[in-house]
Amino acid sequence: MSQAHARPELPPQYAPGDSESTLYERWVERGYFTPDEKPSDKPTYSIVIPPPNVTGQLHMGHAFQHTLMDALTRRRRMQGYDTLWLPGMDHAGIATQNVVERELANEGKSRHDLGREAFVDRVWQWKEEYGGRILGQMRRLGDGVDWTRERFTMDAGLSRAVQTIFKRLYDDNLIYRAERIINWCPRCLTALSDIEVDHKDDEGELVSIRYGDGDGAVVVATTRVETMLGDTAVAVHPDDERYRHLIGTEVQLPLTDRRIPIVGDDHVDPEFGTGAVKVTPAHDPNDFDIGQRHGLPMVVMLDERGVVTAHGPFEGLDRFEARPAVTAALRELGRIVDEKRPYVHAVGHCSRCDTVVEPRLSLQWFVRVGPLAKAAGDAVRDGRTTIHPPELAKRYFDWVDDMHDWCISRQLWWGHRIPVWYGTDGETRVLGPDETPPTGDAWAQDEDVLDTWFSSALWPISTLGWPEETGDLARFYPTSVLLTGYDIIFFWVARMMMFDLYARDGLQPFDVVALTGLIRDGRGRKMSKSAGNAVDPLDWIEQYGADALRFTLARGANPGTDVPITEDWVKGSRNFINKVWNGVRFGLANGATTGEIPPRDALALADRWILSRLNTTVDEVNALYEDYQFAKAADSLFHFAWDEVFDWYVELAKTSFKKSDDQAAATRVVLAHVLDVLLRLLHPIIPFVTEQLWTALTGGESIVIADWPEASDQRLDAEAEVQIGLLQVVVTEVRRYRAEQGLRPRQKVDAALVTADSVLTEYSTELGALTDLTVQSRDDIPHGWAVVDIRGSRIALDLSGAIDVPAERARLTKDLEAAQKAKSVAETKLGNPAFTGKAPEQVISTMRARLTAAEADIARITGQLEALPSG
RNA sequence: GGGCGGUUAGCUCAGCGGGAGAGCACCUCCCUGACACGGAGGGGGUCACAGGUUCAAAUCCUGUACCGCCCACCA
């Protein structure tokens, strides 16, 4: 409804400046982002944010994902959902501990100088002081999160969740402690899980060493010469003719006083190297397995820093120093058969600090992944959770279906301490949050903390209050969407699925997993600080505004696809926003006022046309948003706004304003309506400008709480679309002709532009304005033709060619058939009791929606077919 | 070693069975009362290659080449 309100003067260029921050704080103060206090009968929509690290700063990847999550939640909020976007941060175990340790190092201290308790206090202190910078940066971006529900993975409540699930998993025999070969970072001095290890190709050398002498000698090949100090056997394939006779014998291990057996083991590939393998059970996972099978002793020859222990002259050498040293010693003994044969193989590196990972025998806690991973796979297989885009589901299955047990203990101080106490009598007690730990000297708590991802895995439930059965948990779980990068499927998505399905008895943590690509630079390279190609999103926000950055990111967001981004794109978005700004400015200056749209009969063709086009755009954009097709939704809005509203409708409106009062008034209302709807459609992506323009245009309280536009088929107007299409073709043809003739723009030329086609007669004023011709009417021109007569030179425009009627009819017919087919498929399904009885409600309602959509399509296309000019 | 994706205009990409497209860049004209962060017009591609299916293939199938990503305990 129109209402009188002060209309601010808008400057000719949009300047984001401080207005963005002001608007944001106003939204927060008014509580727009906080769901109602009490649950209502509104449908709910919830997203938990992938918690950024406390140490983190907003980078382009955050800006990207946050823009999309914000767009999803803003739209749902406008649609009237009970909407929650929950923010928070992750304590980020190793990362944060490293930051504080570095700080201590600058003071010449180590964490051991402080002791555990003081160190942890220090980290908390750091967190209070410097942590969470990213939260302020999120405000700058415009993230509509509910700050009253902000969470941190080390909050008391979340820690309770961690301890609860640990205990439950332990009691269910899904957590166990064992001595295993694990990935060890000799710099971080902690165990790592498999996925915290990055494999990189390394140019190693394969060295062949002869063990033993004479007939009993055997030659082994290795890239890790130094580990021979820890060998406790040589393995060959049991069927290998070359070596079969040696199985059961022993050889002298060079440089040591030990004799080691030769064993037969299927694991050995006779084709590789010499077909004989040195076996180092304490320093290689395969060898560990062989050792287990043959009951071999385990000789540890490296300490936790990768330094050789107690092996004569090599003691105290780093593993990389030991390699040439041991090689030299063997060479001296004449034991090297072949060396320096280049051999490229994958070597594990710590994903945190890039140090070469050392497989190490150690006592750690593990999650027995089997049943949990199975359930995680099943939830996607049976459709409780949908992965989008579907291609990426394969990655998820590959991982989940073949997952190793997860090493969860970390030899760090910052994190959730393992809730296990050991008695001197050998007793082990695993305690839940409400149990009192044993006291006294006879008891000691496990020194280790849990992998950061252990608590992250609980994020969707712990942030909502689990293990308590809170109102939020009932109201917002399962969450609607998890939106995150495909790079984090294993680290996070799969583990949330495992833990949360387990904790909630099979209820999935999210209905949909929407996976985004990664942000790259203009040349497709990953953005990274070290490569020097990373751009701070705040720089661009500063320069072009948050909206411009957001629009750019949304426009690049094709599902699961990486997004190259350059400053030129951001400039382009800024230009688009400025275009919208000026479009609304035009409307305001010309008295555009929202109000009741006059009935169709009272509207000019152009008004009917733009309303029809608007309707189609609303439909299209809604479908695209529903399908997480942000790039296409943004693109659709971009082209509708620029090509149709601003390039054509605004120009036509200029003429309309000079016509009769009634027509001018109608156009003012239609223009205001089109701008209003356009702004609302754009708001999820570019919240700031749209708020500013929309309140100026409508006098409403805030676009944040405005209604979301829905299409109405009554606005579809095939006749108007055809007619205005004709007009556009004529105008374009004439303009091209003018350009070819070298006529200067705005040079008025007397010309005849005539046809019997009604649109051209009715729109002679507009035609004159758009082509800078003086249009005359003549009745000697046949139907379907227009003639342009400029200074004695004439061209005839074949308007029947302007719209290829047969082709258009064929296209529409095809669309109609498709719609009819979709309708009949949906009808069949819905008429089948087996389907309606057994399929989940969600699937059934989707099918109903599909039926409705198909019926609407049929009606629309039929109308368009009827409106097509005959012949 | 396994798996996945890509190869379309100078660049970045969309299209995935009947018309080769978008943004940016480029050329020409224009500071017109919304906007030069703009307007009007224009040029530019044997859709990687080779076969096949089809009335019809950038689009489906097979193979080849190159590029990228993920996974991986063959020394």
Side-chain angles (χ1 to χ4, degrees), chain A residues 10-15 181 183 194-195 197 199 204 206-208 220-224 227 235 267-269 271-280 284-290 343 345-346 348 359 391-392 394-395 398-399 402 404 486-487 489-490 517-518 520-526 544 548 552 555-556 558 560-566 568-569 571-590 629 631-632 635 638-639 643 646-647 650-651 653-654 731-732 735-740 742-747 769-772 804 807 810-811 814:
Chain A
L10 263 32
Q13 276 196 356
Y14 173 59
I181 294 269
N183 304 294
D194 292 346
I195 48 177
V197 176
H199 289 90
L206 199 56
V207 178
S208 300
V220 297
T222 183
T223 53
R224 297 208 55 192
T227 61
H267 165 78
V268 179
D269 175 6
E271 305 293 316
F272 188 90
T274 61
V277 188
K278 60 191 273 308
V279 182
T280 324
D284 181 280
N286 287 311
D287 294 5
F288 177 82
D289 291 341
I290 296 177
Y343 179 68
H345 62 141
E391 304 92 82
L392 285 171
K394 192 174 183 326
R395 264 194 211 190
D398 283 351
W399 165 257
D402 184 28
H404 295 188
Y486 64 68
D487 57 329
I489 295 175
F490 310 137
L518 275 25
R520 300 183 174 272
D521 71 6
R523 282 190 277 169
R525 298 172 308 181
K526 222 177 205 168
Y544 303 105
T552 306
R555 228 184 152 191
N558 284 116
T561 309
D562 291 349
V563 186
I565 183 170
T566 66
D568 280 345
W569 281 46
K571 273 187 200 162
S573 301
R574 186 267 321 264
N575 295 353
F576 171 66
I577 287 165
N578 191 240
K579 188 76 184 174
V580 175
W581 177 267
N582 275 288
V584 175
R585 207 164 74 98
F586 169 83
L588 290 171
N590 287 282
Q629 301 275 5
K632 289 177 183 63
D635 201 56
F638 177 91
H639 285 290
D643 300 348
F646 301 133
D647 280 353
V650 161
E651 294 308 317
K654 283 175 184 171
V731 169
T732 305
R735 281 173 177 168
R736 181 191 300 140
Y737 182 69
R738 282 188 58 119
E740 280 166 7
L743 290 171
R744 298 177 64 79
R746 277 166 302 110
Q747 184 183 351
L770 293 169
T771 58
D772 291 307
D804 184 344
R811 190 182 65 80
K814 203 176 137 196

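Below, chain A is the first sequence line, B the second, and so on; all start at residue 1. Keep in mind the model is a prediction, meaning the values are calculated, not measured.
- With both ends at atom C1', the span from B:rA72 to B:rU53 equals 38 Å, rounded to whole Å.
- Counting to the nearest Å, the P atom of B:rC67 and the CZ atom of A:Arg520 are 16 Å from each other.
- Rounded to an integer number of Å, the gap from A:Trp399 CH2 to B:rG2 P is 21 Å.
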Inset, instruction - Would you sort out whether A:Asn582 and A:Phe586 count as a side chain to side chain contact (heavy atoms under 4.5 Å, CB included), showing the intermediate values? - result: CA-CA 6 Å; A:Asn582 275 288; A:Phe586 169 83; over 6 Å; no
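- One P atom belongs to B:rA25, the other to B:rG17, and the distance between them is 33 Å to the nearest Å.
- Of all nucleotides listed (B:rC70, B:rG41, B:rG23), B:rG23 comes nearest to the side chain of A:Arg555.
- At a threshold of 4.5 Å between non-hydrogen side-chain atoms, the residues A:Val563 and A:Arg520 do not count as touching.
- Judged purely by distance below 3.5 Å, without hydrogens or angles, the side chains of A:Tyr14 and A:Asn575 never pair a donor atom with an acceptor atom.
- Within 4.0 Å of A:Val650, counting heavy atoms only, lies at least one base atom of the nucleic acid.
- Along RNA chain B, the nucleotide closest to A:His404 and the one closest to A:Ala739 are compared, and the more 5′ of them pairs with A:Ala739.
- One interatomic measurement links the two molecules: CD of A:Glu651 to C1' of B:rG33, which rounds to 11 Å at whole-angstrom precision.
- Here, B:rC47 and B:rU7 have their C1' atoms 10 Å apart, quoted to the whole Å.
- Residue A:Tyr544 is classed as having no contact, given no heavy-atom separation below 4.0 Å to the nucleic acid.
- With both ends at atom C1', the span from B:rG45 to B:rC13 equals 15 Å, rounded to whole Å.
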Inset, instruction - Could you go through the side chain to side chain contact (heavy atoms under 4.5 Å, CB included) check for A:Thr223 and A:Val207 one step at a time? - result: CA-CA 6 Å; A:Thr223 53; A:Val207 178; over 6 Å; no
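- The interatomic distance linking A:Lys654 (NZ) with B:rU32 (P) rounds to 12 Å, in whole Å.
- Spacing between B:rC16 and B:rC61 at atom P, rounded to whole Å, works out to 14 Å.
- Side-chain atoms of A:Asp521 and A:Lys526, non-hydrogen and from C-beta on, never get closer than 4.5 Å to each other.
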Legend entry - Canonical and wobble pairing (Watson-Crick, G-U, under 3.5 Å) of RNA chain B, dot-bracket with |: ((((((((.[[[[.).....]]]].(((((.......))))).....(((((.......))))))))))))....
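- To the nearest whole angstrom, the two P atoms, one in B:rG39 and one in B:rA22, are 16 Å apart.
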For nucleotides 36-39 of chain B, print each protein N/O atom paired with a nucleotide N/O atom at under 3.5 Å, atom names and distance only.
unit_1 : atom_1 : unit_2   : atom_2 : d
B:rC37 : O4'    : A:Asn575 : OD1    : 2.9
B:rC37 : O2'    : A:Asn578 : OD1    : 3.2
B:rC37 : O2     : A:Arg574 : NE     : 2.9
B:rC37 : N4     : A:Gln13  : OE1    : 2.3
B:rG38 : OP1    : A:Asn575 : ND2    : 3.3
B:rG38 : O3'    : A:Lys579 : NZ     : 3.0
B:rG39 : OP1    : A:Lys579 : NZ     : 2.9
B:rG39 : OP1    : A:Trp642 : NE1    : 2.5

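- In this structure, A:Asp643 and A:Phe638 have side chains that are not in contact, with every pair of non-hydrogen atoms separated by 4.5 Å or more.
- For the atom pair CG (A:Leu770) and CG (A:Asp647), the distance works out to 11.0 Å, reported to the nearest 0.5 Å.
- Under the 4.5 Å side-chain criterion, counting only non-hydrogen atoms from C-beta, A:Asp284 is not in contact with A:Ile181.
- For B:rA40 and B:rC35, the C1' atoms lie 15 Å apart once the distance is rounded to whole Å.
- Ring planes of A:Phe272 and A:Tyr343: perpendicular class, angle over 60° (limits at 30 and 60°).
- Rounded to whole angstrom, the span from the CZ atom of A:Arg525 across to the C1' atom of B:rC67 amounts to 16 Å.
- Nucleic acid contact for A:Ala346: base, since at least one base atom lies under 4.0 Å from a heavy atom of the residue.
- Each of A:Phe586 and A:Gly275 was assigned the nucleotide of RNA chain B with the nearest heavy atom; the assignment lying further toward the 5' end belongs to A:Phe586.
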Inset, instruction - Would you sort out whether A:Lys278 and A:Thr227 count as a side chain to side chain contact (heavy atoms under 4.5 Å, CB included), showing the intermediate values? - result: CA-CA 9 Å; A:Lys278 60 191 273 308; A:Thr227 61; 2.6 Å; yes
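- Within 4.0 Å (heavy atoms only), A:Gln629 reaches no atom of the nucleic acid at all.
- Here B:rA75 is the nucleotide among B:rC35, B:rA75, B:rA22 with the atom lying nearest to any side-chain atom of A:Thr223.
- In this structure, the side chains of A:Asp402 and A:Asp398 stay at 4.5 Å or more apart for every pair of heavy atoms.
- With hydrogens and angles disregarded, a donor-acceptor distance shorter than 3.5 Å links the side chain of A:Asp562 to the backbone of A:Leu518.
- Note: CG (A:Asn582) to P (B:rA34) measures 10 Å, nearest angstrom.
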Legend entry - Under 4.0 Å protein heavy-atom contacts per nucleotide of nucleotides 3-14 of chain B, with B for base, S for backbone only and - for none: SS-------SSS
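- For the P atoms, the distance linking B:rC37 with B:rU12 amounts to 26 Å, nearest Å.
- Nucleotide B:rC70 holds its C1' atom 13 Å from the CD1 atom of A:Ile195, rounded to whole Å.
- Residue A:Arg736 has a polar side-chain atom (N or O) positioned under 4.0 Å from OP1 or OP2 of B:rG42.
- Rounded to whole Å, the distance from CZ on A:Arg738 to P on B:rG41 is 12 Å.
- Within 4.0 Å (heavy atoms only), A:Thr732 reaches sugar-phosphate atoms of the nucleic acid but no base atom.
- Contact between A:Ile290 and A:His267 at its shortest, heavy atoms only, is CD1-CD2, 3.8 Å.
- Of the N and O atoms on the side chains of A:Lys571 and A:Ser573, not one donor lies less than 3.5 Å from an acceptor on the other residue.
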